[in-house]
Amino acid sequence: MATLPVDTVLPQLLQALADAPGVVLQAPPGSGKTSRVPLALLNAPFLHGKSIIMLEPRRLAAVNAASWLARSVGEPVGATVGYSIRFQRQVSKATRLEVVTEGLLTRRLQSDQGLEGVGVVIFDEFHERSLQADTALAFCLDVQRHLRDDLKILVMSATLESGPVSHLLGGVPVVSCEGRSYPVDVRYQGEQDGDIAQTAARGVHRALRETAGDILVFLPGSGEIRRCREQLRQSLTTGAEQVVPLYGDLPFAEQERAIVPTRQRKVVLATAIAETSLTIEGVTVVIDAGLSRRLQYDPNTGLNRLVTVRVSAASAIQRAGRAGRLGPGVCYRLWSEGTQSSLVPYNPPEIRIADLAPLALDLAAWGTTDALSLPWLDPPPTGAMNEANELLRELGALGEDGRITPLGGRMAGLPLHPRLARLVLDGERAGCAAVACDLAALIEERDIFRRDRLTVRPVSDCDFTDRLEAFYEWRNRRGHGDAILDPSACRAVDSAASRLRQLLRVPVRAAMPEHGQVALLLAQAWPDRIARQREPGSDRYLLAQGTGARLGQRSAVRDQPFIVAVEMSGSQGAEALIHGATTLTLDALRQKFGESIVRERSYGFDVGLGRVWAREDELFNRLVLSSRPVPPSDEELRATWLAEIGREDGLVLLLWSQFARQFRARVALLRRVCPEEPWPDLGDDWLAAYPEEWLQPWLAGIRTVADLQRLDLHAILKGLLPWDLQRRLDEGAPTHITVPSGSRIAIDYGGDAPVLAVKLQELFGLAETPTVAWGRVSLLLHLLSPARRPIQVTGDLRSFWNTTYPEVKKELKGRYPKHPWPDDPWLAVPMRGTKKREGR
DNA sequence: CTCTCCCT
């Protein structure tokens with residue numbers, strides 16, 4: 001066997017692993033680590049005959065590695081070397097080296113915490129930092145610390161800062177070796193404006209001129225690939241080159257076309273799928289647009305968002321390396337050297353940007369309530385973790401104490417996202433397990449409808465019954481697909497569904513279910529996405545979790561009051577978009593979610609109508625299912641009015657009679673001039689600030705402003721004064737005073753000083769200014785003519801008689817001859833009317 | 001105006 005770079009470090013690696021609980025092996029692509037290291041370990045003495053598990057990030061890689069390794073020891077797969085991927089296992093009693101995909105190890109650990117009989121766990125391609133690999137590593141380290149101090153952990157990675165991993169494993173040794181690849185000449189194209197697809201097409205022309213060999217172009221997504229292809233179709237007119245697209249959503253047969261060698265010179269327009277997952281024969285030139293697209297979970301909305309970002313330096317290196325597999329290559333980078341130095345070094349680990357519901361369920365099944373108690377290279381972010389745990393509680397997987405429930409335990413046992421696990425178990429309980437399996441597979445696998453072909457879908461009440469129907473049709477005719485179906489996607493769904501049925505021991509295949517059945521299954525798996533239409537006819541919805549969303553144009557659901565928004569995407573700044581939904585009846589919602597539906601009363605003041613309203617709402621989380629007006633209770637009336645009165649200018653709601661105003665002014669006067677007495681504060685500020693102290697008892701049954709204005713405020717305020725103060729009030733601030741003429745005249749307490757407005761003739765014989773408050777306050781006299789015209793304002797009657805009266809008399813005598821104008825008002829008889837009338 | 005790539 002030819003020597004590979006990793007061979008030179010194998011002895012060192014074996015020794016290090018014998019001495020330490022783990023090792024980090026740093027080896028770039030082409031070093032041979034995946035093919036050599038596991039074989040070298042098989043006979044390591046420290047293993048004592050125990051077996052080896054090697055993790056691979058992809059199924060294809062796992063199967064390929066297992067068959068290569070089996071061939072190396074001259075055996076068929078499933079003898080000494082075997083593999084396990086989801087729903088597929090090739091092992092026997094003789095198997096000592098099992099290659100597994102990453103998620104499977106976590107699954108196995110859940111049922112066999114001690115990893116019985118396993119001596120080493122190898123993490124291959126750990127630099128990809130998938131959520132499953134990080135989880136598996138955390139669990140393995142937990143096992144090593146508490147159960148199996150003899151378990152060895154070997155982390156292998158191409159590009160990775162080795163320090164932090166080594167530290168996480170307990171300060172273990174790092175072994176490095178060379179890779180083997182040909183030199184790649186990197187040429188920077190410089191910054192370009194405009195459409196990246198167009199820039200890439202120009203790059204293709206340059207590469208065609210400057211190089212030979214097949215060209216691999218990295219673009220962020222299928223849209224850019226389509227546009228770039230269109231550009232090239234117009235500009236490459238000789239037909240000497242073949243341009244082929246390559247991305248994950250293409251049907252398998254079309255992907256093949258991109259991978260197999262051709263006679264013409266080939267230009268492959270690919271997404272990141274060609275970075276690690278697929279290798280294209282014959283490529284010596286790479287054009288890297290420097291962008292990639294990825295899903296990013298937003299814990300604020302609970303939605304994933306597809307974002308386009310600059311590649312990391314590590315990705316750029318990986319992409320360039322694709323040109324150096326056969327011989328020296330060339331890589332054109334469609335950016336500048338300045339930009340290059342500002343690239344982030346690595347892609348963010350998935351655990352930092354992903355939906356963590358699956359992780360949260362794994363942790364709960366592991367018995368961990370605090371994720372941070374496990375060893376992580378990057379701990380799961382708190383926001384996403386809280387969202388995940390909240391969802392698991394809604395799904396019934398976690399109890400209020402945060403611990404896993406029996407239902408959660410069953411969910412964790414299924415190889416599905418927690419929502420789909422719940423869906424399948426609900427289906428089982430409802431007697432439609434087979435439908436549930438089909439539905440789960442349809443949702444989980446790639447869309448069976450060909451995206452590029454589909455323009456209009458039939459209008460129905462559920463996007464998923466459309467899909468189920470199309471899928472069942474395909475299955476019945478053992479179909480080859482058609483204009484709108486992707487057969488490879490259909491096969492993937494069929495296979496996943498049948499494996500799920502096996503797991504649940506459901507023998508029969510399903511027939512087309514009732515719509516209501518599908519809707520209920522979906523509602524229970526997406527309870528947070530149950531949504532209510534904002535208004536009839538609208539495309540806008542409010543979700544039970546409290547956020548808003550709009551129906552996408554391609555959804556078959558239109559104008560329905562209640563839906564479950566199963567497939568949604570967020571986008572920055574804009575309202576979330578619903579891509580796949582189903583209608584839900586209110587009855588079904590009440591029936592299935594009765595425990596979560598609460599009745600809540602609310603009430604308030606309608607300013608326009610001037611009345612207190614109350615209603616009873618039926619609430620499901622943040623959704624109002626129904627609402628009906630009810631008569632406000634006395635308690636609600638009291639609370640509303642007290643709040644309204646307490647507002648700024650709230651007192652104007654009340655009708656203040658003259659009498660009530662005067663009463664408050666009288667009390668205010670005595671409060672001011674007799675501070676030693678307990679006169680209450682009845683000023684605006686106090687009344688508005690403490691309505692509960694004086695108005696509360698009177699508010700029962702008051703529903704409208706009109707009711708409120710019928711309250712006798714004078715009586716209410718008077719009631720605040722104890723009996724003796726009421727008497728003292730009449731004494732100290734009488735409402736009226738009797739003047740010498742015998743008239744009882746009202747005193748106006750509204751101004752700063754109390755005012756007595758009286759005809760001059762009625763005061764004849766009175767020298768002293770009348771007072772109130774037991775002589776402490778003189779009345780301000782507004783002296784009036786017989787026609788009640790103001791003559792003079794004075795606070796000193798005696799001085800008026802002496803000085804001003806003679807002039808007044810002169811002036812008015814002529815105008816009012818029938819009235820008396822004596823020379824000596826001191827002694828004159830006071831009069832209410834004219835001389836004649838008085839004499840009668 | 002959906003849609004990078006994976007995985008139990």
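As the structure is a prediction and not an experimental result, all values here were calculated from the model.
Nearest nucleotide to the side chain of L295(A), out of dC3(B), dC7(B), dT4(B): dT4(B). Taking only side-chain atoms of R107(A), from C-beta outward, the nucleotide of dT2(B), dT8(B), dC5(B) with the closest atom is dT8(B). When distances run from any side-chain atom of H579(A) to the nucleotides dC5(B), dC3(B), dT2(B), the shortest one goes to dT2(B). With distances taken from any side-chain atom of R294(A) to the nucleotides dT4(B), dT8(B), dC3(B), the minimum falls on dT4(B). Closest to the side chain of R59(A), from the set dT2(B), dT4(B), dC7(B), is dC7(B). When distances are taken from the side chain of L577(A) to each of dC6(B), dT2(B), dT8(B), the shortest belongs to dT2(B). For L306(A), taking side-chain heavy atoms from C-beta onward, the closest of the listed nucleotides dT2(B), dT4(B), dC7(B) is dT4(B).
Within 6.0 Å of atom CZ in R534(A), more than 12 heavy atoms from other residues, nucleotides or ligands are found, so the atom counts as buried in its surroundings. Counting non-hydrogen atoms of neighbouring residues, nucleotides and ligands closer than 6.0 angstrom, the CZ atom of R446(A) exceeds 12 such neighbours. By the 6.0 Å contact criterion, CZ on R108(A) is enclosed, its count of non-hydrogen atoms from other residues, nucleotides or ligands being greater than 12.
Whole-Å rounding puts the R319(A) CZ to dT4(B) C1' distance at 10 Å. Here the C1' atom of nucleotide dC3(B) and the CD atom of E445(A) are 15 Å apart, to the nearest Å. Put simply, CD1 on I351(A) is 18 Å from P on dT8(B), counting in whole angstrom units. With rounding to whole Å, N304(A) atom CG is found 12 Å from dC3(B) atom C1'. Across the protein-nucleic acid pair, L278(A) atom CG and dC6(B) atom C1' stand 12 Å apart, rounded to whole Å. Per the geometry, CD belonging to Q296(A) stands 17 Å off C1' belonging to dT2(B), to the nearest Å. I353(A) has its CD1 atom 15 Å from the P atom of dC6(B), to the nearest Å. If you measure from atom OH of Y247(A) to atom C1' of dT4(B), you get 13 Å, rounded to the nearest angstrom.
For the residue pair S315(A)/E275(A), the side-chain donor-acceptor check at 3.5 Å is satisfied. Side-chain N/O atoms of E56(A) and T101(A) include no donor and acceptor closer than 3.5 Å.
Heavy atoms of G552(A) sit nowhere under 4.0 angstrom from any nucleic acid atom. Within the 4.0 angstrom heavy-atom criterion, only backbone atoms of the sugar-phosphate kind lie near R58(A); the bases stay farther away.
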Next item on the list: Output, in order, the C-alpha distance, side-chain angles, deciding distance and verdict of side chain to side chain donor-acceptor pair (under 3.5 Å) for S569(A) and H579(A).
Entry: CA-CA 8 Å; S569(A) 66; H579(A) 308 296; 2.7 Å; yes
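Proximity of residues 126-133 of chain A to DNA chain B (heavy atom under 4.0 angstrom from any strand atom) is restricted to Q132(A).
Taking the six-membered ring for Trp and thresholds of 30 and 60 degrees, F123(A) and F126(A) have ring planes more than 60 degrees apart, a perpendicular arrangement.
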